[in-house]
Amino acid sequence: MSTHDLYTIPAEFSTWNVDMAGSSRFTWEYDDGRDRMLALYQKGKDKQWDSVKRIDWDLEVDPYDVLGMPDNTIAIYGTPLWERMDDRTRAEVRRHGAAWQFSQFLHGEQGAMICSARIVESVPDLDSKFYAATQTMDEARHAETYARFLQEKVGLAYPINEHLKALLDSTLSDSRWDMPYLGMQVLIEGLALAAFGVMRDITTKPLPKQILAYVMQDEARHVAFGRMALRDYYKNLSEAELREREDFVIEGCYLMRDRLRGRETWETLGLSRAEVDEAMTSVDQSEYLRIFRSLLFSRIVPCVKDIGLWSPRLQQAYADMGVLEMAGQSLEALMKQDEDIADKLDAERFAAEEAERHAEVSETIAMGATS
């Protein structure tokens, strides 16, 4: 089945062409490079995995309860609009909400794949090219995984959100080699990583939990890559150059925040215009979404601070968004947690499979002894 058959609203059949500026940079320096970057490159090679084999695709998923999350995580829960809905409409709200969220994950992963390839092309350092090449493979695997999940388990998809599309456009069309790092590694990947984490920790369903945990194990390395490269580079920029990048970060953060409103899901559900407006008001006032938005910046804010973009003006922008306190988050601790959760999930799954095999062998031996 074509993915276009799954889209709730029409998506462009032609490719989306982004005009890219800047140079493709070769380097003739093949020395060992930076130890930290090469260690990350080695880890990127060691941690490659196959989504066909590592993920248990035989697990069933209820498309009307994809994540098994309580209804109070739905922005309109408890509102008059929610109370007027029958059970069938509420089920559609759950389905469309999950389909929209995972669709944006999918489109973001394709964007990350293209940005990673762009970094390979444009970054001047060979060690960064090496690592970005491993990330390009990671992102291809993630896009493959989310596409299969939507096609086989949810059966519904949404085109790319206008805010995500705008940020990708700005990121890829900029001629400066560091902008794919800043737009993708810091902003889009940082927000996605936090969103994955919230859903991974709340979902009660094993298949999406596996997918989110394994993707996060990769993404933690990607954010670390961006931090290393930009921290070194931004130390040498002028005040004017740093201000330009802070403007990009501020605009990008607002785009990512507004993306979460998901107006197209409410319009697609067949609600009247007045009901769509009512839903959007509920979304803007939702206490759960306010907390969720704040958590989504738990990876971005400390990363922006770490790479050296931390003027009073940028801090005020984060204060206005209500996320300035996230600057105190430890990225190292969050990354270690992501690694540990994925490893623990693997250990539990393989231990259970091993126990099942032992039980089958014991049963076979016992049957042979009695025959």
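The chain is numbered in sequence order, starting from 1.
Other residues, nucleotides and ligands contribute only 12 or fewer heavy atoms inside 6.0 Å of the CD atom of Gln110. More than 12 heavy atoms of other residues, nucleotides or ligands shown are found within 6.0 angstrom of CD on Glu348.
With rounding to the nearest 0.5 angstrom, the CG atom of Leu59 is 5.5 Å from the CG atom of Leu207. Atom CG in Asp320 sits 12.0 Å away from atom CD in Gln315 (nearest 0.5 Å). Note that CZ of Phe26 and NZ of Lys129 are 7.5 Å apart. Values are rounded to the nearest 0.5 Å. To the nearest 0.5 angstrom, Glu139 atom CD is 4.5 Å from Ser116 atom OG. Residue Leu168 holds its CG atom at 13.5 Å from NE2 of His163, rounded to the nearest 0.5 Å. The CD1 atom of Ile300 lies 5.0 Å from the SG atom of Cys253; values are rounded to the nearest 0.5 Å.
Using a 4.0 Å cut-off between a side-chain N of Lys or Arg and a carboxylate O of Asp or Glu, Arg221 and Glu189 do not qualify as a salt bridge. One finds no salt bridge joining Arg90 and Asp71 here, because no Lys/Arg side-chain nitrogen approaches an Asp/Glu carboxylate oxygen to under 4.0 Å. For the pair Arg243 and Glu246, the salt-bridge criterion is not met [side-chain N within less than 4.0 Å of a carboxylate O]. Checked for salt-bridge contact, Arg34 and Asp232 meet the test: a charged N lies under 4.0 Å from a carboxylate O. We find that Asp247 and Arg313 are joined by a salt bridge, their nearest charged nitrogen and carboxylate oxygen being less than 4.0 Å apart. Salt-bridge annotation for Asp277 and Arg263: present, with a side-chain N of the basic residue lying under 4.0 Å from a carboxylate O of the acidic one. Comment: Glu339 engages Lys43 in a salt bridge, judged by a side-chain N to carboxylate O separation of less than 4.0 angstrom.
Panel note: side chain Asp65, backbone Gly68; a donor-acceptor pair is recorded below 3.5 Å. Not one N or O on the side chain of Ser282 forms a donor-acceptor pair closer than 3.5 Å with the backbone of Ile76. Looking only at distances, no side-chain donor or acceptor of Lys209 sits under 3.5 Å from a matching main-chain atom of Leu67. Judged by distance alone, the side chain of Thr136 and the main-chain N or O of Ala132 form a donor-acceptor pair under 3.5 Å. Side-chain N or O atoms of Thr73 include one that pairs as donor or acceptor with a backbone N or O of Pro70 at under 3.5 Å. Looking only at distances, no side-chain donor or acceptor of Ser23 sits under 3.5 Å from a matching main-chain atom of Arg25. Put simply, the side chain of Gln210 gets close to the backbone of Asp56: a donor and an acceptor are under 3.5 Å apart. Remark: the backbone N or O of Lys45 is not paired with any side-chain donor or acceptor of Thr134 at under 3.5 angstrom. Between the Gln104 side chain and the Asn161 main chain, a donor and an acceptor come within less than 3.5 Å of each other. With hydrogens and angles disregarded, no donor-acceptor distance shorter than 3.5 Å links the side chain of Thr15 to the backbone of Asn17.
The hydrophobic clustering, which links ILVMFWY residues whose side-chain heavy atoms are closer than 4.5 Å, places Met335 and Ile307 apart.
In this structure, Arg94 fails the cation-pi test against Tyr64, since its NZ or CZ atom is not both closer than 6.0 Å to the six-membered ring centre and inside 45 degrees of the ring normal.
Residue pairs that meet the ring pair (Phe, Tyr, Trp, His ring centres under 6.0 Å) test with at least one member in residues 111-152, sequence neighbours left out, are Tyr41-Phe130, Phe102-Tyr146, Phe102-Phe149, Phe105-Tyr146, Tyr131-Phe225, Tyr146-Phe196. Identified under the ring pair (Phe, Tyr, Trp, His ring centres under 6.0 Å) test for residues 243-282, with sequence neighbours left out: none.
Side-chain contact annotation: Arg176 with Ser122, donor-acceptor N/O pair under 3.5 Å absent. Side-chain atoms of Glu121 and Ser24 form a donor-acceptor pair, as typed in the model, at a separation below 3.5 Å. Side-chain N/O atoms of Gln217 and Asp343 include a donor and acceptor closer than 3.5 Å. Looking at Gln135 and Gln185, their side chains do bring a donor and an acceptor atom within 3.5 Å of each other. Side-chain atoms of Asp218 and Trp49 form a donor-acceptor pair, as typed in the model, at a separation below 3.5 Å. Using modelled atom types, one finds a donor on one side chain and an acceptor on the other under 3.5 Å when comparing His96 with Tyr158.
Ala75 approaches Val283 most closely through the heavy-atom pair CB-CG2, 3.7 Å. Shortest non-hydrogen contact noted between Cys115 and Thr171 is SG-CG2, 4.0 Å. Annotation for Pro180 and Ile119: closest pair CB-CG1, 3.8 Å, computed over non-hydrogen atoms. What you find for Leu255 and Ala166 is that their closest heavy atoms are CD1-CB, 4.3 Å.
Results of the side chain to side chain donor-acceptor pair (under 3.5 Å) test with Arg148 over Glu144, Gln151, Glu152 single out Glu152 as the only residue that passes. No option in Lys344, Gln337, Lys336 other than Lys336 meets the side chain to side chain donor-acceptor pair (under 3.5 Å) test with Asp340.
In this structure, the side chains of Asp19 and Ser173 stay at 4.5 Å or more apart for every pair of heavy atoms.
Under the side chain to side chain contact (heavy atoms under 4.5 Å, CB included) criterion, Asp346 pairs with Arg54, Tyr214, Arg349, Phe350, sequence neighbours left out.
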* To do: Quick one: do Lys47 and Asp138 satisfy salt bridge (charged side-chain N to carboxylate O under 4.0 Å, His left out)? Show the steps, please.
  => CA-CA 9 Å; Lys47 293 288 186 176; Asp138 289 344; over 6 Å; no

* **CA sep, side-chain torsions, deciding dist, call: Asp86, Thr89, side-chain hydrogen bond (donor to acceptor under 3.5 Å, both in side chains)** => CA-CA 5 Å; Asp86 57 24; Thr89 305; 2.7 Å; yes

* To do: Take Arg245 and Glu241, measure what salt bridge (charged side-chain N to carboxylate O under 4.0 Å, His left out) needs, and give me the verdict at the end.
  => CA-CA 7 Å; Arg245 285 151 178 84; Glu241 289 171 323; 5.5 Å; no

* **Chi angles and distances behind the side-chain hydrogen bond (donor to acceptor under 3.5 Å, both in side chains) call for Gln48, Arg141** => CA-CA 9 Å; Gln48 292 295 315; Arg141 180 171 59 250; 2.9 Å; yes

